[in-house]
Amino acid sequence: MSGTSPHSPLRVWWTQRPPAAGAAVMATGVVSVGLDLAGHETLSRIALVIACAAWLGLAAEVALRLLRERARWFSDAGTAGALTAVAATTVLGTRFSALGRQTLAEALLALSAVLWPVLVVRVVGHGKRRMPGGVFLGCVAIQGLAVLGATLAAAESAAWLAHTALVLFWLGLVLYGLALYRFDLRQVLEGPGDQWIAGGALAISALAGSKLIAADSARLYLWNDDDHGVLRAVTVVLLVLGLAWYAVLLVAEFAGPRRPRYDVRRWATVFPMGMTAVAALAVSATLDVPWLETPGQVLVWISVAAWSAVAAGAVDTVRAAVRSTAPR
């Protein structure tokens, strides 16, 4: 039987992936953004190509599942991992906007804006106390919308888009507070990887704040002095808290009882690592804090190393899964 047949081992593995697999696109996309900000354009574009290929594959699978396995689609849409689709789409849109592909970025913003309310309503309906790190994906998704909206507002001088992004930014902080209330703090030591989203959600919030500040100009005049001061202060606080979470989670990786092994939720570790690096570099440039550039550059390479390790684990897992489902 050929490797591309509908019932091939590779196809069986592909259809069994959980909704949280979208975190791989998020992680790869944010690594591309980080490498771009760090001045490594070639590597950034390679990562972007990988992220786009993964995004297209996941999008095709989701569309087919909606048509052929609607019950499973609705079941998957009720999990927090489904929100990785929104976050991944906004990350790719932000990278394409940096490349000057504003029309494509607009299309990705529109798609993610349609997906977010559909998915978040279903996810909230399944909420409970003592949840894993995926509970923060609601904040990550809406802040992703704020980041892309503010980025496009700056590129196209669209004041309405910047003001909409500002509303999403504040709503995202509210969602973070609700998520923190539901988060099981034991996951910091015991989580399989997605506990890192607790810090990544703050990092993407800081990035959104920096993008909102950067969107202002003499032509648009979005914020007065008080507004600008509040945005600046909140953005700095968010970055500091994000860096604090990074340090705590890194220490917990060595102090916790978990064993080092691949888990699809490890992509949700790479994403916050990369997002913290991106936030540090963006805040450094936007708020004119030069000393943040060096830590940001270092964090970019740490995220690249983490991505490489998780990608190697994923490849080994795929090989094992294909072998185990191959006909004997």
Side-chain angles (χ1 to χ4, degrees), residues 25-26 29-30 32-34 36-37 41 44 48 51-52 55 59 83 85-120 138-176 201 203-236 238-239 275 278-279 281-288:
V25 183
M26 293 167 56
V30 81
S32 175
V33 174
D36 174 51
L37 292 177
E41 183 65 18
S44 173
L48 179 61
C52 288
W55 186 93
L83 288 169
V86 178
T89 303
T90 59
V91 170
L92 289 182
T94 301
R95 182 66 185 97
F96 278 118
S97 180
L99 288 170
R101 303 292 186 88
Q102 308 307 340
T103 301
L104 180 54
E106 289 171 5
L108 292 173
L109 175 60
L111 176 59
S112 54
V114 170
L115 285 175
W116 186 81
V118 173
L119 293 176
V120 79
C139 171
V140 171
I142 197 169
Q143 293 293 16
L145 286 167
V147 168
L148 182 50
T151 300
L152 285 171
E156 302 181 349
S157 298
W160 71 270
L161 196 51
H163 288 124
T164 302
L166 179 64
V167 173
L168 295 175
F169 170 73
W170 292 118
L171 179 57
L173 296 185
V174 173
L175 290 181
Y176 186 88
I204 195 173
S205 298
L207 177 62
S210 71
K211 291 290 186 180
L212 286 165
I213 294 171
D216 199 10
S217 66
R219 179 179 178 183
L220 290 181
Y221 189 65
L222 297 171
W223 332 117
N224 59 32
D225 289 342
D226 289 339
D227 295 334
H228 190 276
V230 169
L231 270 176
R232 182 185 178 94
V234 171
T235 297
V236 170
L238 289 170
L239 179 61
M275 184 54 70
V278 169
L281 290 173
V283 170
S284 173
T286 304
L287 275 61
D288 193 21

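The figures here come from the full heavy-atom set of this structure, side chains too, leaving out hydrogens, waters and symmetry mates. Residue numbers run from 1 in the order of the sequence given. Just so it is clear, the structure is predicted and the values come from calculations on it, not from any experiment.
Between Lys211 and Leu207 the shortest side-chain heavy-atom distance falls below 4.5 Å. Two residues are said to be in side-chain contact when any heavy atoms from C-beta on lie closer than 4.5 Å; Leu231 and Leu166 meet this criterion. Looking only at side-chain heavy atoms (C-beta outward), Leu238 and Leu173 come within less than 4.5 Å of each other. At least one side-chain heavy atom of Phe169 sits less than 4.5 Å from a side-chain heavy atom of Val234. With a 4.5 Å cut-off on side-chain heavy atoms, Val283 and Thr235 count as touching.
Across every non-hydrogen atom of Ile204 and Met275, the tightest pair is N-CG, 3.5 Å. Taking each heavy atom of Ala165 and Leu212 in turn, the nearest pair found is CB-CD2, 3.8 Å. What you find for Ala113 and Leu145 is that their closest heavy atoms are N-CD2, 3.8 Å. Listed here is the closest heavy atom pair of Ala162 and Leu222: CB-CD1, 3.5 Å. Here the shortest heavy-atom pairing between Ala154 and Ala215 reads CB-CA, 3.7 Å.
Glu106 CD to Leu161 CG: the interatomic distance, rounded to the nearest 0.5 Å, is 8.5 Å.
Applying the ring pair (Phe, Tyr, Trp, His ring centres under 6.0 Å) rule to pairs touching residues 99-118 yields nothing, sequence neighbours excluded.
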Return a table of donor-acceptor pairs under 3.5 angstrom between the side chains of residues 92-99 and protein atoms on other chains or two or more places apart.
| unit_1 | atom_1 | unit_2 | atom_2 | d |
| --- | --- | --- | --- | --- |
| Thr94 | OG1 | Thr90 | O | 2.9 |
| Arg95 | NE | Ser32 | OG | 3.2 |
| Arg95 | NE | Ser44 | OG | 3.0 |
| Arg95 | NH2 | Glu41 | OE2 | 3.2 |
| Arg95 | NH2 | Ser44 | OG | 3.0 |
| Ser97 | OG | Gln102 | OE1 | 2.8 |

